[in-house]
S.K.: 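Quick one: this structure, given as structure tokens, is what I'll be asking you about.
First the proteins, then the strands, lettered A, B, ... as listed; each starts at 1.
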Number of protein chains: 2
Amino acid sequence: MTSPRTLEHPETGELNLDAVLAALADPIRRRIVVQLAHGHQDQACIGFNLPVSRSTSTHHFRVLRQAGVIEQRYRGTAILNSLRTACLDERFPGLLSAIVAAEPPVDGALPHPV
Amino acid sequence: MTSPRTLEHPETGELNLDAVLAALADPIRRRIVVQLAHGHQDQACIGFNLPVSRSTSTHHFRVLRQAGVIEQRYRGTAILNSLRTACLDERFPGLLSAIVAAEPPVDGALPHPV
DNA sequence: AGCGTAGTACGATGGTTCTCGTATTAGCTA
DNA sequence: TAGCTAATACGAGAACCATCGTACTACGCT
């Protein structure tokens, strides 16, 4: 039996405003965040229907995770993504909600409604 | 008499979250914004005591202006900078204050106190 | 074992950004 | 006019970033 795969996440106290803002400055990454904020917690990467290739998608999810914006955990072959709302709000109160509120909900994100 | 120099600013309705977040993702630019927010409105570029060369400083102020974060207007040979607080709050409510609040006040920014 | 699915690793490419130094412009003042 | 100050223009270098395709790993299912 091999050890289970793990993913590195910064702790709440390590969250860095530079990294968080840089992560959220990209429209594709903001789209991911908005979808997570609008009730699509624990969705696999592939469910976000992003307009980029799989490898680029991996890249964007990794940037969000390393900045501490999302949490990713394995589940079978997939990865479940969730927003680190509480951590972000502790370190940078109001930031996430301001950005999510400024962004319109994503259209056509889910081809087959859940 | 030559026509007075002018500087291009985006209108409130043209403010774009991509550009604003990218502008605020840089620590030097955020330092400028924090100083402006903490009561140093209408300060000339040179008064910010930034740890970069003059040309780099010009670059950062231009990025902030073109993103619509600051307003710049000529006054003699200098440029007076001010935060576009109202515009930003209209388009992206709570964003600016969340970022300013997340950033500690700048130490040693003003070598000779005003 | 074999196959399919979800995601990663790697290398490459093209574009953007941060940084600088030097030369220059605009306005003020002596 | 000459000199000073504040800022810009321009060109260059280095670093970074988004994107892709291909090859690969890990897991679940049949």
S.K.: Tell me: CG of A:N49 to P of C:dG7, nearest whole Å?
M.R.: 13 Å
S.K.: In a table with atom names and distances, give each donor-acceptor pair under 3.5 Å that connects a side chain of residues 58-71 of chain A to protein atoms at least two apart or in another chain.
M.R.:
unit_1, atom_1, unit_2, atom_2, d
A:T58, OG1, A:R54, O, 3.2
A:H60, ND1, A:R29, NH1, 3.1
A:R65, NE, A:Q72, OE1, 2.7
A:R65, NH1, A:E8, O, 3.0

S.K.: Measure CG/B:L50 against C1'/C:dT19 and give the value in whole Å, please.
M.R.: 14 Å
S.K.: Considering only heavy atoms, which members of residues 70-83 of chain B lie under 4.0 Å from some atom of DNA chain C?
M.R.: B:G76, B:T77
S.K.: Looking at side-chain heavy atoms only, is the closest gap between B:R31 and B:F48 below 4.5 Å?
M.R.: no
S.K.: Just distance, no hydrogens or angles: give the donor-acceptor pairs under 3.5 Å from side chains in residues 90-99 of chain A, sequence neighbours left out.
M.R.:
unit_1, atom_1, unit_2, atom_2, d
A:R91, NE, A:T12, O, 3.4
A:R91, NE, A:L15, O, 3.4
A:R91, NH2, A:L15, O, 2.4
A:S97, OG, A:G94, O, 3.2

S.K.: Using salt bridge (Lys or Arg N to Asp or Glu O under 4.0 Å) as the criterion, list what pairs up with A:D89, not counting sequence neighbours.
M.R.: none
S.K.: Using heavy atoms and a sub-4.0 Å distance, could you list which residues of residues 51-66 of chain A are near DNA chain D? By number, please.
M.R.: A:V52, A:S53, A:S55, A:T56, A:H59, A:H60
S.K.: Output the rest of the hydrophobic cluster of A:Y74: all Ile, Leu, Val, Met, Phe, Trp and Tyr residues reachable through side-chain heavy-atom contacts under 4.5 Å, sorted by chain and number.
M.R.: A:L7, A:I79
S.K.: Could you give the CZ-to-P distance, from A:R31 to D:dA18, as a whole number of Å?
M.R.: 16 Å
S.K.: Tell me which donor-acceptor pairs under 3.5 Å the side chains of residues 17-25 of chain B have, and how far apart each pair is, sequence neighbours excluded?
M.R.:
unit_1, atom_1, unit_2, atom_2, d
B:D18, OD1, A:R30, NH1, 3.1
B:D18, OD1, A:R30, NH2, 2.5

S.K.: Quickly work out the B:I32 CD1 to C:dC18 P distance and round it to whole Å.
M.R.: 11 Å
S.K.: Excluding sequence neighbours, so at least two apart, what forms side-chain hydrogen bond (donor to acceptor under 3.5 Å, both in side chains) with B:S53?
M.R.: B:S55, B:T56
S.K.: Choosing from D:dA7, D:dA18, C:dG7, which nucleotide comes nearest the side chain of A:D26?
M.R.: D:dA18
S.K.: A:I28 CD1 to D:dC17 P: how many Å, rounded?
M.R.: 16 Å
S.K.: For residues 37-49 of chain B, which residue pairs pass the salt bridge (Lys or Arg N to Asp or Glu O under 4.0 Å) check, not counting sequence neighbours?
M.R.: B:D42-B:R73
S.K.: Given atom CZ of B:R29 and atom C1' of C:dT19, what is their separation to the nearest angstrom?
M.R.: 12 Å
